[in-house]
Amino acid sequence: MTDRRILVTAALPYANGQIHIGHLVEYIQTDIWVRFQKLRGNRTVFFCADDTHGTAIMIRAREEGRTEEEVIAEMSEAHQRDFAAFGIEFDNYGSTNSPENRELCNGIWKSIREAGLVKEEDRRDLYDPEANLFLPDRFVRGTCPNCHAVNQPGDNCSKCGSTYSPPELIDPRSVISGAVPEAKMMPHALIELERLHDFLEEWSQSGKHLQPEVANNLRGQFLGDPDSEDGAKELRDWDVSRPMPYFGFEIPDFKGNGWYVWFDAPIGYMASTKQWCDRTGENFDDWWKSDDAEIHHFIGKDITYFHTLFWPGMLKTAGFSLPEKVHIHGFLRVDGEKMSKSQGTFIMASTYLNHLEPDYLRYFYASKLGPGLGDIDLNLEEFVNRVNSHLVGNIVNLASRSAKFVSGGTLCEEYPDDGGLFTAAVAKADQIAEFYEQCDFASATLEILQLADEANRFINDRAPWKLKKDPEKAEEVRQICSIVLNLFRQLAVFLQPVLPKLAEQAGELLNAPISNWDDAKTPLTGTPVSEFKHMMQRITKAQVDTMVDESVVEEPADEGSADNESPWNDGPEALEAEPMTEECTIDDFVKVDLRVARVIEAKDVPEANKLLNLTLSLGGGETRNVFAGIKAAYKPEDLVGRLVVCVANLKPRQMKFGLSEGMVCASGPGKADVFLLDVDDGAVPGQRVH
RNA sequence: GGGGCCAUAGCUCAAUCGGUUAGAGCAGCGAACUCAUAAUUCGUUGGUUGCAGGUUCGAGUCCUGCUGGCCCUACCA
C-alpha cells in the first residue's frame, strides 16, 4: 500500500431511465481509473448512487400508479444489475432518497444559511391544477407567440428558434394533464453564488482541478477578467428550492418547499460514502474532511456547472474537502451521429449484453478515451475490427500460439534470454501508468499494443512450431514459450484495469494470480502451465447488426394537434416535418416494386409496443410476412381482407419478433396517426403500382 | 445574442516550446508464414493539415477573418 487515499465518484444516473451505452462511457472510464489505482496499491474507494428526486419521477410514478419509492427501487436494481454485468465495481451504491442523504443535506444547508448566502424571493411557477403539481418549463407546450407553430416547448420554439417564457405561449397546455397551467408567484430560496466569486475563480483557474478547456469555458462564461473592458461577470443566484408537491426532501426551515434535485444529488456522493462507512467502520471525516484523501469526480460535460461551481461552493461553505479533480468527458456518438432510437443506435446496456461481451466495450472505450472532453465515436465497423485485431488477434493470440507447447509442464526455472524484451516492457511500465493516471487510456492501450506486436514478432522469428519437430530442441521450445507467456502476462497486468477478466484468465493459465502493477516487473519462473482455453471470441458483424436491429424503436411522433382551418388550406407541418428528398430518376423509382396486396392474416405481437404481424397475399399463393408499426392505429380484425400497397422487393429484415419481408405503405407521423394507402375498387392483389 | 471547444489520410486519432521528409491503428493492395480463433510477420498505396490572409529564417502549431461541427448560456453573460 502506498499512502495515497482516493475517493472516486461517477455521476448519479437518474432513476427515470435504463442505462445505455452512452452512460457506460463514464462508468467504464471511471471503473478503469479506479481499478488502475487499486492495482497500483493506492487505497481507493468508488461510490455512486441513483439520483431519485424531481418532477419527472413523480410523473412517472403517477402514470404507472405506483409510489415514487417503488419506481426508484426497481430502477436502482436494474441500474446495479447493468453496472455489475459490465464489471463496474462500486464500493457502495446508494440513493439520494436515503436517510443519510437527508441528514447531510440538512447539515450542509444549515452551513450555507449560517454563512448568509441564502436569500428568499418570489418567483413565477406554473401550476397544473388538474395534476396538482408545479411544472418545469419543458412540461408545458403551446403555440409559439412568434411564428405560431403549434405544440412547441415552454422555453423556445423548435421551428423559428425564438425564445420566450411559458406564459407567453399561445394556448399553453400541461403535457401531463392537458390543463391550462396557472402562473403563480411562489417563494423560492436562492444561493447567492456571486459571494463566492473570488473563491470559485481561484479554485477553477488554479490549473490543478480542471481540464484547461473547462477552466477556459468557465472564465469566458462567468468569471471574466476584472481588468478587461467587460469586467468580471456576475454569477447568478442559484434557485435551489421547488414548491411542494415535489418529490424531494422538504427544506426544514422553509416549509412547503423541497430542495431542487441538483442540490441533493451531489450530496448523494457523500451519503453513499456514509453508508459505506457505517458498514465498514470507516470514519466519514477521514474521506470528506481530510487533506490526506483525494476526491475525484468523473462526469459528463453536460453537468459541468453543477460540479465546478455550485458543488465546490457548497463544499467550501460547509467546510468539506474540495475535489482534487473533476474529470470531464464528452458524449458518445455512434457511427458519427447522436445515438438515435430510430436508427437502432440508442443501445441499452441490457440489449448489448444479449449479444456481446462487456469486455469488448470496455476495451473499445479505453482505446478511444483521451484526457480531453471531445465526444468519442463508436463506429460499429471499427468496433468489430478493433476488438478482433487488437484483442483476439494480437494479445490473446500470444497465449493461444504458445501455451499449448508447454501445457501440463512448467515455465523455465530461470527466465531465459529474450533479447531484452521483458526488460524493455518493464521500462515502459511507468509511462503506461502515467497515461492511466492522466485518463489517457487511448495512449496506454496503444503502448500496450506495440508491446504485443513485438512479442508476436519474437515468436514468429523463433518459430517454435518448427523446433518442436526435433526432440532435441524441446528445451528451446520451452524457453521460447516461457518468454512469450511471460510477455503475455505482462500485457495482462497492464490491461487489468480495462480487462479484469483477461487478467484473471492469465492468472489461471500460469497459476499465479495478478494482484499488483508490479507483477509486470518480474518474470514468472517454474510455475505450472494449465491447459489453454480460449479467453475471448471474435465478434462477427452479424452480432452487432442484430443488436442494432433489436434496438430500433420507432420515433414517437410529435403529437401535433389538428388545426381548425378550411379544408383546402392545408398546413405546412407535414412537409416541414419531413422535407422533400432529392430528385430521383424514373430508373430509381422502378427499383422499388410496389404491389397491391391483400391482408389475409393480421396478428397482434403481444411483446411489441407498436407492431402488428401481417400476412400479405400477392395472389397465386405468393405471400409476404410483414411487421408493421401500426398497432396504435389499426385493430388486426379490421385489416383482414382489405387491400394495401406494399414494397414487395424490400430486402428482408430480421426483427426481434421474426423476419419482416416487406413494408406496408402508410403516411402520417406515427402512433395512432398512421394512414394506410388504399386502392380504388377493381384493383387486385399482385398488380404493380406505377 | 454571448461564451467555450474543435476541424489533420477512406475511418478513428497522434504530432513536446513554433523546428528536418506531418505519424500510428483500422480498412485497401502485394508478399512470406502455417503454431495460433481467416490469427501473425514483412512490404506498400493513401495528405494543398476546412478556406483566405498575416507574423516568422521556419506555421498542423501563433494572430485576424471566414466556413462548418459540437457544447454551454441567454432580455442579465
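This is a predicted model, so every value here is computed, not measured. Below, read A as the first sequence line, B as the second, and so on, with proteins coming before strands; counting in each chain starts at 1. Reckoned from all heavy atoms, side chains included, excluding hydrogens, waters and symmetry mates.
Atoms CG (A/Leu309) and P (B/G3) sit 18 Å apart, rounded to a whole Å. In this entry the distance linking CG of A/Leu449 with C1' of B/G23 reads 16 Å, nearest Å. Regarding A/Phe383, its CZ atom lies at a distance of 17 Å from the P atom of B/C26, rounded to whole Å. At whole-Å resolution of the value, CZ in A/Phe488 and C1' in B/U40 are 16 Å apart. Separating the CG atom of A/Leu218 from the C1' atom of B/C5 is a distance of 13 Å, rounded to the nearest angstrom. The nearest whole Å value for the distance from the NE2 atom in A/His534 to the P atom in B/U37 is 4 Å. Across the protein-nucleic acid pair, A/Asp470 atom CG and B/C35 atom C1' stand 16 Å apart, rounded to whole Å. Taking atom CD of A/Glu382 as the reference point, atom P of B/C13 lies 8 Å away to the nearest angstrom.
Of the candidates B/C33, B/C13, B/A77, B/C13 carries the atom nearest the A/Asp377 side chain, counting heavy atoms from C-beta on. When distances are taken from the side chain of A/Asn217 to each of B/C5, B/G3, B/A36, the shortest belongs to B/G3. Ranking B/C71, B/C33, B/U40 by closeness to the A/Lys301 side chain, first place goes to B/C71. Listed candidates were B/A27, B/A77, B/C33. Nearest to the side chain of A/Arg236 is B/A77. Closest approach to the A/Arg538 side chain among B/C33, B/U37, B/U41 is made by B/U37 (side chain taken as heavy atoms from C-beta onward). Comparing B/C70, B/A24, B/C26 against the side chain of A/Ser389 picks out B/C26 as the nearest. The side chain of A/Phe405 has B/C35 as its nearest neighbour among B/C35, B/U41, B/C33. Comparing B/G4, B/C71, B/G25 by their closest approach to the side chain of A/His390 singles out B/G25.
Phosphate proximity of B/C35 to A/Lys404: absent, as no side-chain N or O sits under 4.0 Å from OP1 or OP2. Applying the 4.0 Å criterion to OP1 and OP2 of B/G3, one finds that A/Asn216 has every side-chain N and O outside that range. Put simply, A/Lys338 has a side-chain N or O that comes within less than 4.0 Å of OP1 or OP2 on B/C71. For the OP1/OP2 pair of B/U40 and a distance below 4.0 Å, the side-chain nitrogens and oxygens of A/Arg401 include no atom meeting the criterion. Proximity of A/Arg386 to the phosphate of B/G25: no side-chain N or O atom is located under 4.0 Å from OP1 or OP2.
Residues A/Asp125 and A/Arg242 are not paired through a salt bridge, judged by the lack of any N-O separation under 4.0 Å between the basic side chain and the carboxylate. In summary, A/Asp545 and A/Lys541 engage in a salt bridge, as defined by a charged side-chain N under 4.0 Å from a carboxylate O.
Going from the P atom of B/A14 to that of B/U8 covers 10 Å, rounded to whole Å. Only the C1' atoms considered, B/A22 is 36 Å distant from B/A36, to the nearest whole Å. Taking atom P on both B/C5 and B/A9, the two are 22 Å apart, rounded to the nearest angstrom. Nucleotides B/C62 and B/U56 have their C1' atoms positioned 10 Å apart, rounded to a whole Å. Only the C1' atoms considered, B/G50 is 8 Å distant from B/G68, to the nearest whole Å. Here the separation of B/A7 from B/C13, taken at their P atoms, is 11 Å to the nearest Å. With both ends at atom C1', the span from B/U21 to B/G60 equals 15 Å, rounded to whole Å. The gap from the C1' atom of B/C42 to that of B/U61 amounts to 35 Å, rounded to the nearest Å.
The number of heavy atoms from other shown groups lying within 6.0 Å of NZ (A/Lys473) does not exceed 12. The neighbour count for A/Glu381 CD, taken as heavy atoms of other residues, nucleotides or ligands under 6.0 Å away, does not exceed 12. Counting heavy-atom neighbours within 6.0 Å of A/Lys316 NZ, excluding the residue itself, gives a total of 12 or less.
RNA chain B is contacted by both A/Asp453 and A/Ser400; A/Ser400 maps to the nucleotide lying nearer its 5′ end (nearest heavy atom per residue). Residues A/Gln450 and A/Asn394 each lie close to RNA chain B; by heavy-atom proximity, the contact nearer the 5' end of the strand is made by A/Gln450.
A/Phe532 does not carry A/Lys404 over the face of its six-membered ring by the limits of under 6.0 Å from the centre and within 45° of the normal. Geometrically, A/Lys301 engages A/Phe331 in a cation-pi contact, judged by NZ or CZ lying under 6.0 Å from the ring centre and within 45° of the ring axis.
Counting only Watson-Crick and G-U wobble pairs whose two key distances fall under 3.5 Å, RNA chain B forms stems of three or more stacked pairs at B:1-7 with B:67-73, B:10-13 with B:23-26, B:28-32 with B:40-44, B:50-54 with B:62-66.
For A/Asp264, there are no salt bridge (Lys or Arg N to Asp or Glu O under 4.0 Å) partners two or more places apart in sequence or in a different chain.
Across all strands, A/Val214 comes closer than 4.0 Å to no nucleic acid atom at all (heavy-atom distances). A/Gly393 comes within 4.0 angstrom of sugar-phosphate atoms only, judged by non-hydrogen atoms across all strands, and of no base.
Looking at heavy atoms from C-beta onward, A/Arg489 lies out of side-chain contact with A/Phe494 at the 4.5 angstrom threshold.
A pairwise comparison of heavy atoms in A/Val529 and A/Val406 identifies CB-O, 3.8 Å as the closest pair.
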